[in-house]
Amino acid sequence: MPELPEVETVREGLERLLKGERIDDIAVYHPRAVQRSEGDVAGLAVFGGRTVEAVVRRGKFLWFEMEGIALNFHLGMSGQLLVSEPGAPAPDHPHLRARIMFKDGSVLRFLDQRTFGYLQRSSLTEVSDGRPAGQGTESPFIPVPVAHIARDVLDPWVEVGDIARRTRRRRTEIKRAMLDQTLASGMGNIYCDEALYRAKINPRRKTNGLSYQRIEALWHHSKDVLREALEQGGTTFDALYVNVNGASGYFSRSLQAYGQGGKPCGRCGATMTRIQFMNRSSTFCPICQPFSGGSSSRL
DNA sequence: ATAGCGGCCTGAAGGC
DNA sequence: TGCCTTCAGGCCGCTA
């Protein structure tokens, strides 16, 4: 499951290996790998001869700036981007969805078991605040399909106070708000559970029933969780193999809430509760993260 | 406009 | 042993 830290690791690898290179050709092996792409599969031909000017990320979206247009990627649930340097093999694979061949002989392969991921040709549009559109660029231009996605919590231009104020205006459950990519992007189920655990907030608490201070603290915890995961996960990938690996070190060593249902809480020893929530699971400590009032209303 | 929910997809894991 | 069901979850698009 590539989450924001994994996508940023991939971005850094692609930037290091492919920035400045020119695309020769793109081959597509599965129709679902190209979704909502301008000109459909045939439209990808315009990338031939164009240079990768920047490799940019906002939330879990990743794109190449290519001389006025974007080649935009989303890895979905199971996507991988693998770079083979010139002369190295780039073999077929049962889940191979596309190959991007570069003039220098490099090959970028897109693999995706569950085909939730895709690549697409997109026009660029200017972001309203005029600031750099994402990690990896100074340009304020963003692919049209990404324009509605908010800045992510690791974005240097984002202000936690601003996210907190907009969160508090919502009238919904706090975890729903955290997963809403138009409020702040990049928070998946795993990192939401971890941040809520650290902030001692029940996932079903209402946004308007929490103080500004607690919501602000929650977003600071969110930022910390993502930064720590990035620091740990970013060291496990070598230069030749830009990988996305759900079993990164962070997952096995550091998770305190996600996947811990039935196990004792690391703080108080109570049994961690797992509930169904938004067609997925949500795990929390019933003592540290109570649903109603009590100690949870204080910091 | 906004909130909330269903659908997309396949391999692993568990039950019988 | 083997078949069937359940689960994982980000994002889009539909509905109210």
Side-chain angles (χ1 to χ4, degrees), chain A residues 1-8 10-11 28-38 40 57-63 72-81 93-98 110-120 122 128 134 142-154 165-196 203-209 222 225-226 229 244-248 250-252 255 257-262 274-283:
Chain A
M1 285 166 281
E3 300 248 9
L4 186 148
E6 288 81 0
V7 180
E8 174 58 18
V10 170
R11 190 201 68 76
V28 176
Y29 308 112
H30 192 293
R32 268 179 60 88
V34 177
Q35 294 179 29
R36 294 174 300 282
S37 182
E38 292 170 15
D40 297 314
R57 179 190 59 76
R58 178 185 283 219
K60 296 171 203 165
F61 286 88
L62 191 62
W63 66 91
N72 186 37
F73 297 88
H74 197 290
L75 300 177
M77 295 297 300
S78 53
Q80 289 182 301
L81 286 169
H93 184 280
H95 301 143
L96 182 65
R97 306 305 181 204
F110 175 56
L111 283 71
D112 190 14
Q113 178 203 112
R114 289 158 74 177
T115 68
F116 276 36
Y118 52 85
L119 58 105
Q120 60 187 182
S122 308
S128 57
I142 190 167
V144 170
V146 191
H148 67 289
I149 301 289
R151 292 182 183 279
D152 59 74
V153 274
L154 290 186
R165 276 186 290 277
R166 288 188 291 118
T167 303
R168 200 133 184 277
R169 279 185 224 130
R170 296 292 175 94
R171 295 292 179 268
T172 187
E173 292 155 318
I174 186 67
K175 187 169 171 181
R176 284 183 185 277
M178 294 177 82
L179 289 165
D180 184 344
Q181 304 292 299
T182 66
L183 191 52
S185 66
M187 292 297 291
N189 198 38
I190 295 170
Y191 296 116
C192 281
D193 278 6
E194 293 302 307
L196 287 162
R204 306 210 77 149
R205 288 289 302 270
K206 292 290 168 46
T207 47
N208 50 321
S222 301
V225 167
L226 291 179
V244 172
N245 186 350
S248 67
Y250 183 76
F251 286 72
S252 54
L255 293 176
Y258 180 83
Q260 306 300 304
R274 178 188 154 120
I275 59 170
Q276 288 303 117
F277 185 79
M278 290 176 77
N279 285 330
R280 48 179 67 88
S281 68
S282 203
T283 307

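Residue numbering restarts at 1 for every chain, and letters A, B, ... go by the order of the sequence lines.
At a threshold of 4.5 Å between non-hydrogen side-chain atoms, the residues Glu38(A) and Gln120(A) do not count as touching. No side-chain heavy atom of Phe61(A) sits under 4.5 Å from any side-chain heavy atom of Val7(A). In this structure, the side chains of Leu119(A) and Ser37(A) stay at 4.5 Å or more apart for every pair of heavy atoms. Side-chain contact check for Arg170(A) versus Asn208(A): every heavy-atom pair is 4.5 Å or farther apart.
Summary of helix geometry: the two end axes of the helix from dT2(B)-dA16(C) to dC16(B)-dG2(C), each defined by five base pairs via their C1' atoms, are inclined to each other by 50° (rounded to 10°).
Side-chain atoms of Asp193(A) never come within 3.5 Å of backbone atoms of Ser282(A) as a donor-acceptor pair (strictly under, hydrogens ignored). Remark: the backbone N or O of Tyr258(A) is paired with a side-chain donor or acceptor of Gln260(A) at under 3.5 angstrom. Between the side chain of Glu194(A) and the backbone N or O of Ala257(A), at least one donor-acceptor pair lies under 3.5 Å. Without hydrogens or angle criteria, Arg97(A) side chain to Asp112(A) main chain gives a donor-acceptor distance under 3.5 Å. In this structure, the side chain of Thr182(A) does not engage the main chain of Ala150(A) through any donor-acceptor pair within 3.5 Å. Checking side-chain atoms of Ser78(A) against main-chain N and O of Arg114(A) turns up a donor-acceptor pair under 3.5 Å.
Taking only distance into account, the side chain of Arg280(A) meets the base of dG10(C) through a donor-acceptor pair shorter than 3.5 Å.
Remark: P of dG13(C) and CZ of Phe116(A) are 14 Å apart, rounded to the nearest angstrom. Summarising the geometry, the separation between CG on Leu119(A) and C1' on dC11(C) is reported as 16 Å, rounded to the nearest angstrom. Asn189(A) places its CG atom 9 Å from the P atom of dA8(C), with the value rounded to the nearest Å. Put simply, CD1 on Ile190(A) is 14 Å from C1' on dC7(C), counting in whole angstrom units. Here dC11(C) presents its C1' atom at 13 Å from CG of Leu75(A), a figure rounded to the nearest Å. Spacing between atom CZ of Arg36(A) and atom C1' of dC12(C) amounts to 6 Å, rounded to whole angstrom units. At whole-Å resolution of the value, CZ in Arg114(A) and C1' in dG10(C) are 10 Å apart. Taking atom CZ of Phe73(A) as the reference point, atom P of dC11(C) lies 16 Å away to the nearest angstrom.
Here Arg274(A) lies in heavy-atom contact (under 4.0 Å) with sugar-phosphate atoms only. Note on Gln181(A): only backbone sugar-phosphate atoms sit closer than 4.0 angstrom, heavy atoms only; bases stay farther off. If you check every strand for non-hydrogen atoms under 4.0 Å, His30(A) touches nothing.
Tested against Asp152(A), the residues Arg57(A), Arg11(A), Lys60(A) include a single salt bridge (Lys or Arg N to Asp or Glu O under 4.0 Å) partner, Arg57(A).
With DNA chain C read from its 5' end, the first of the two nearest nucleotides for Ser281(A) and Pro145(A) is the one closest to Ser281(A). Residue-to-nucleotide proximity on DNA chain C shows that, of Gln276(A) and Tyr118(A), the 5′-proximal contact is made by Gln276(A).
Of the side-chain N and O atoms in Tyr191(A), none sit less than 4.0 angstrom from OP1 or OP2 of dG10(C). Residue His74(A) places none of its side-chain N or O atoms closer than 4.0 Å to OP1 or OP2 of dG10(C).
For residues 171-180 of chain A, proximity to DNA chain B is found at Thr172(A), Arg176(A), defined as any non-hydrogen atom under 4.0 angstrom from a strand atom.
Cation-pi geometry between Arg36(A) and Tyr118(A) is met: under 6.0 angstrom from the ring centre, within 45 degrees of the axis.
Chain A approaches DNA chain B within less than 4.0 angstrom (heavy atoms of the protein), and the contacting nucleotides run 5' to 3' from dA3(B) to dG11(B).
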